[in-house]
J.: 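Please find one structure pasted underneath; my questions will follow.
Just so we're on the same page: letters track the sequence lines, and every chain starts at 1. Side-chain atoms are counted along with the backbone in the values below, which use heavy atoms only and exclude waters and symmetry mates.
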Protein chains: 2
Amino acid sequence: MNKEVKKTIKKNVQTRRKLIDIRQDNLEQIIVAAENIFAERGYKGTTVEAIAEAVGLPKANVLYYFKTKEGLYKGVISRLLTIWMANMNQMTADMHPKEALRNYILIKMRQSRENPNASRIFAADILHGAHYLRAPLEGELKEQFNRTCDVFRSWIDKKWMNSVNPEHFMFMLWSTTQAYADHGLQISILMNKDKLDDDDFEQGIKFLTEMILKGCGVET
Amino acid sequence: MNKEVKKTIKKNVQTRRKLIDIRQDNLEQIIVAAENIFAERGYKGTTVEAIAEAVGLPKANVLYYFKTKEGLYKGVISRLLTIWMANMNQMTADMHPKEALRNYILIKMRQSRENPNASRIFAADILHGAHYLRAPLEGELKEQFNRTCDVFRSWIDKKWMNSVNPEHFMFMLWSTTQAYADHGLQISILMNKDKLDDDDFEQGIKFLTEMILKGCGVET
DNA sequence: GTCTATAAGCTGATAGAC
DNA sequence: GTCTATCAGCTTATAGAC
């Protein structure tokens with residue numbers, strides 16, 4: 001193998017690496033921009049043009065990477081769902097509800113603060129017929145839901161908490177914590193703020209923890 | 001005045017009455033259909049054509065009555081807001097929280113059951129920037145919110161309830177009850193149902209009332 | 001008042017030069 | 001891989017006959 005050939009190969013490798021990097025970088029940028037705009041304006045309210053503009057690319061380029069708008073949307077949802085499930089706190093029967101519930105509320109509130117897009121996009125999908133979330137809801141999410149309800153039942157059996165309805169208890173945990181993402185704008189307007197700050201979330205966490213633990217009869 | 005003239009006048013009156021009736025009837029039908037479709041598909045997802053089809057009129061006819069799609073949407077929102085505010089339970093300082101809260105939860109849950117469209121359309125608007133609800137939120141709704149928080153404070157002063165954060169307490173009352181409208185689909189999927197029935201709402205009311213009263217230290 | 005036809009504008013997607 | 005130009009389809013809104 002002579003020098004010229006080696007050089008050519010090396011150059012090709014470098015070029016390919018660079019292209020791969022560009023590709024990864026563009027994919028990442030597009031999906032992050034898309035997530036934000038879908039969360040703000042909803043699926044129908046979002047244009048591919050707007051996403052392209054946010055990334056500084058022509059829209060044909062965005063469609064080169066993702067082929068269709070719906071494909072991009074599905075990509076965003078599935079990415080969020082993965083993160084969502086990974087961060088999902090697993091409450092178990094052997095944990096004491098005092099610590100388990102306190103921790104669950106903390107994690108969910110942190111999620112509402114740090115990744116409100118996920119909660120908002122999910123909420124919009126549910127509101128408009130669960131077009132994209134029906135499948136996961138009927139599958140993995142339902143299993144997780146049922147497991148957690150069983151944990152509540154076992155806590156009730158052990159007299160660690162009052163005999164409250166497990167399903168509705170779960171709905172309450174979700175709706176109260178996710179409200180700080182989904183209805184964050186409403187809350188901030190009513191509290192005369194531009195947006196919710198760390199203090200608001202701290203107070204929310206403190207309030208919810210006390211109310212919910214006391215409500216289901218767990219000693220604090 | 002001869003008989004012919006009298007007859008003509010009478011006929012004109014009848015005709016006018018009939019036209020007014022038709023007009024009222026059409027307006028009513030259009031706004032009801034629009035409410036349902038906007039709630040299902042969101043503003044951008046709704047076409048004037050779909051509304052017209054639901055009423056059995058050509059879409060030019062719908063636009064004859066409401067001029068623009070946005071005008072129709074505003075009409076729907078303002079109509080729902082009026083009903084919403086009228087049904088709003090006024091909690092007052094002289095009422096005991098036990099009865100006042102119980103009744104508030106009952107009314108809000110009834111609203112989620114009987115008029116989920118209002119809650120859903122409001123939720124979608126908040127989710128996407130409160131384009132149409134910002135004004136009422138900054139005005140009448142904020143006043144009502146502040147008045148109710150004051151009522152909570154006076155209850156706390158009287159030791160009728162624990163010293164919980166009034167603002168966050170209000171958010172909890174809203175999010176937990178409205179969840180049965182906004183996330184009704186999610187709840188029904190997780191409970192293996194097509195839709196929530198009377199029993200589910202009864203259980204929800206019972207659950208929420210117990211949890212919330214106990215949570216804020218009101219005797220039941 | 002009602003309805004058909006159509007204008008005007010936007011948006012997703014593609015063709016084709018570079 | 002990238003970008004300009006453009007097509008095809010949909011949607012709001014209006015013009016104009018009845």
J.: Tell me whether the rings of B/F171 and B/F145 are parallel (<30°), tilted (30 to 60°) or perpendicular (>60°).
T.: parallel
J.: Counting heavy atoms from C-beta on, name the nucleotide in C/dC3, C/dT11, D/dC3 closest to the side chain of B/P58.
T.: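 Of the options given, the side chain of B/P58 lies nearest C/dC3.
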J.: With heavy atoms under 4.0 Å as the rule, sort B/F66 into base, sugar-phosphate or nothing.
T.: nothing
J.: May I ask you to decide whether B/R134 forms a salt bridge with B/D125, counting only side-chain N to carboxylate O separations under 4.0 Å?
T.: no
J.: Using atom names, set out every protein N or O paired with an N or O of nucleotides 13-18 of chain C below 3.5 Å, distance rounded to 0.1 Å.
T.:
residue	atom	partner	partner atom	Å
C/dA13	OP2	A/K69	N	2.7

J.: Give a yes/no verdict on a cation-pi contact between B/K69 and B/F38, requiring under 6.0 Å between NZ or CZ and the six-membered ring centre and an angle within 45° of the axis.
T.: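 Here B/K69 fails the 6.0 Å and 45° test against B/F38.
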J.: Between D/dC10 atom P and A/K44 atom NZ, what is the distance in whole Å?
T.: 11 Å
J.: Salt bridge check: are A/K206 and A/E210 linked by an N-O gap of less than 4.0 Å?
T.: yes
J.: To the nearest angstrom, how far is B/N26 atom CG from C/dC3 atom C1'?
T.: 13 Å
J.: Side-chain contact, heavy-atom cut-off 4.5 Å: A/E167 with B/I187?
T.: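 No, every pair of side-chain atoms sits at 4.5 Å or beyond.
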J.: Is the number of heavy atoms from other residues, nucleotides or ligands under 6.0 Å of A/N192 CG greater than 12?
T.: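 Atom CG in A/N192 is packed in, count exceeds 12.
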J.: From CD1 of A/I51 over to P of C/dT11, roughly how many Å is that when rounded to an integer?
T.: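 It works out to 12 Å between those atoms.
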J.: Nearest-Å distance, CG (B/N61) to P (D/dA13)?
T.: 15 Å
J.: Which whole-number value in Å describes the distance from A/L57 CG to D/dG1 P?
T.: 13 Å
J.: For B/D25 and C/dG1, what is the distance between atoms CG and C1' respectively, to the nearest whole Å?
T.: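 Taking atom C1' of C/dG1 as the reference, CG of B/D25 is at 15 Å.
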J.: Expressed as a whole number of angstroms, how long is the span from B/E49:CD to D/dG9:P?
T.: 17 Å
